[in-house]
Participant: 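Quick one: the structure is below, and I'll ask about it shortly.
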Amino acid sequence: IPQMPEPSQSALMLLEDILGRKLPPEYIDFIGIHDGATPEDNAIAVGNYNESGVRRFISVADALAVIAEFEGFPIAIPLAEDGCGNFFFIDQGNGGVFFWDHEIDDEHALVAPNLNLFLEALMPFDSSVVKLAPEQVKYAWIDPSFKPEFD
């Protein structure tokens, strides 16, 4: 996970004010090094969702926007976003990391009991290892403007 500049103390204090609690030490340690970082392709087991991955870690400044913008988002610390508009968040009560699907209200899948175990569970993902048998591909359409040199 790339190193990033630290968030400002005022942004941290504002996030604490909005959430009504002190931020957990392991979260403060993580964002002090990786605030808003974009990791390499990865995957993580997510309850009944099979797998997801972290497209980007949410910066402290963006966390405030996530809380305000997404209807139904729990009062929690937005940690990361996947590639489909879903989020991983830290529950302030127990410190667990959960997966929030923006299409399913009130169902949050526990991914890891804490942030450190969540980070350990992130595995590198290589799309070249995904193989589909011909019968698994039912239909494909590619916008011709995507790669005009294929014509």
Side-chain angles (χ1 to χ4, degrees), residues 1-132 136 140 142-143 145-147 149:
I1 302 171
Q3 289 192 344
M4 303 295 287
E6 284 186 65
S8 70
Q9 287 301 313
S10 60
L12 289 169
M13 290 181 353
L14 184 56
L15 182 57
E16 284 182 341
D17 286 346
I18 297 232
L19 296 172
R21 287 189 144 164
K22 287 279 191 196
L23 298 171
E26 65 181 6
Y27 175 72
I28 300 262
D29 292 345
F30 177 76
I31 60 166
I33 301 169
H34 306 291
D35 188 43
T38 300
E40 293 184 16
D41 290 343
N42 59 77
I44 189 166
V46 179
N48 294 332
Y49 298 96
N50 297 325
E51 281 188 348
S52 188
V54 171
R55 181 177 62 84
R56 71 177 179 118
F57 286 97
I58 306 299
S59 68
V60 171
D62 287 346
L64 303 171
V66 169
I67 292 168
E69 182 179 333
F70 291 93
E71 184 178 332
F73 192 84
I75 303 300
I77 303 167
L79 175 64
E81 183 178 12
D82 75 359
C84 298
N86 304 308
F87 291 89
F88 296 91
F89 69 86
I90 300 172
D91 181 283
Q92 292 180 262
N94 64 21
V97 177
F98 290 82
F99 182 74
W100 178 74
D101 186 322
H102 69 280
E103 295 177 351
I104 302 174
D105 290 334
D106 300 325
E107 282 190 40
H108 310 125
L110 178 64
V111 179
N114 61 53
L115 175 58
N116 292 330
L117 291 175
F118 173 79
L119 296 171
E120 287 178 20
L122 281 176
M123 304 306 293
F125 178 75
D126 179 5
S127 61
S128 69
V129 300
V130 176
K131 302 292 183 205
L132 294 176
Q136 287 179 289
I142 299 171
D143 184 343
S145 65
F146 174 68
K147 284 289 240 177
E149 62 268 19

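These numbers were taken from a predicted model, which means no experiment stands behind them.
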Participant: What distance separates L14 CG from L64 CG, expressed to the nearest 0.5 Å?
Facilitator: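 Going from the CG atom of L14 to the CG atom of L64 covers 5.0 Å.
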Participant: Grab the two heavy atoms, one from L122 and one from F57, that are nearest each other, plus how far apart they are.
Facilitator: CD1-CZ, 4.0 Å
Participant: Decide if atom CD of E40 counts as having more than 12 heavy atoms of other residues, nucleotides or ligands within a radius under 6.0 Å.
Facilitator: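 No, the 6.0 Å shell around CD holds no more than 12 heavy atoms from other groups.
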Participant: Distance check, rounded to the nearest 0.5 Å: E51 atom CD versus F125 atom CZ?
Facilitator: 7.0 Å
Participant: Given side chains that start at C-beta, do those of V66 and W100 come closer than 4.5 Å, heavy atoms only?
Facilitator: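 When only atoms from C-beta onward are counted, W100 and V66 do not touch, as no gap falls below 4.5 Å.
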Participant: Which donor-acceptor pairs under 3.5 Å do the side chains of residues 74-92 make with protein atoms, sequence neighbours left out?
Facilitator:
{"residue": "E81", "atom": "OE1", "partner": "R55", "partner atom": "NH2", "Å": "2.8"}
{"residue": "E81", "atom": "OE1", "partner": "R56", "partner atom": "NE", "Å": "2.8"}
{"residue": "E81", "atom": "OE1", "partner": "R56", "partner atom": "NH2", "Å": "3.1"}
{"residue": "D82", "atom": "OD1", "partner": "C84", "partner atom": "N", "Å": "2.8"}
{"residue": "D82", "atom": "OD1", "partner": "G85", "partner atom": "N", "Å": "3.2"}
{"residue": "D82", "atom": "OD1", "partner": "N86", "partner atom": "N", "Å": "2.9"}
{"residue": "D82", "atom": "OD2", "partner": "S52", "partner atom": "OG", "Å": "3.0"}
{"residue": "D82", "atom": "OD2", "partner": "N86", "partner atom": "ND2", "Å": "3.2"}
{"residue": "N86", "atom": "OD1", "partner": "H102", "partner atom": "N", "Å": "3.0"}
{"residue": "N86", "atom": "OD1", "partner": "H102", "partner atom": "ND1", "Å": "2.6"}
{"residue": "D91", "atom": "OD1", "partner": "G93", "partner atom": "N", "Å": "2.7"}
{"residue": "D91", "atom": "OD1", "partner": "N94", "partner atom": "N", "Å": "2.9"}

Participant: Are the side chain of D62 and the backbone N or O of G36 linked by a donor-acceptor pair below 3.5 Å?
Facilitator: no
Participant: Could you walk me through whether L117 and V97 pass side chain to side chain contact (heavy atoms under 4.5 Å, CB included), step by step?
Facilitator: CA-CA 9 Å; L117 291 175; V97 177; over 6 Å; no
Participant: Using atom types as modelled, flag every donor-acceptor pair under 3.5 Å from a side chain in residues 25-34 to any protein atom, sequence neighbours excluded.
Facilitator:
{"residue": "E26", "atom": "OE1", "partner": "N116", "partner atom": "ND2", "Å": "3.1"}
{"residue": "E26", "atom": "OE2", "partner": "L115", "partner atom": "N", "Å": "2.9"}
{"residue": "H34", "atom": "ND1", "partner": "I1", "partner atom": "O", "Å": "3.4"}
{"residue": "H34", "atom": "ND1", "partner": "P2", "partner atom": "O", "Å": "2.9"}

Participant: Going by the side-chain contact (heavy atoms from CB on, under 4.5 Å) test, name the single residue among V60, D35, D17 that passes it with L12.
Facilitator: V60
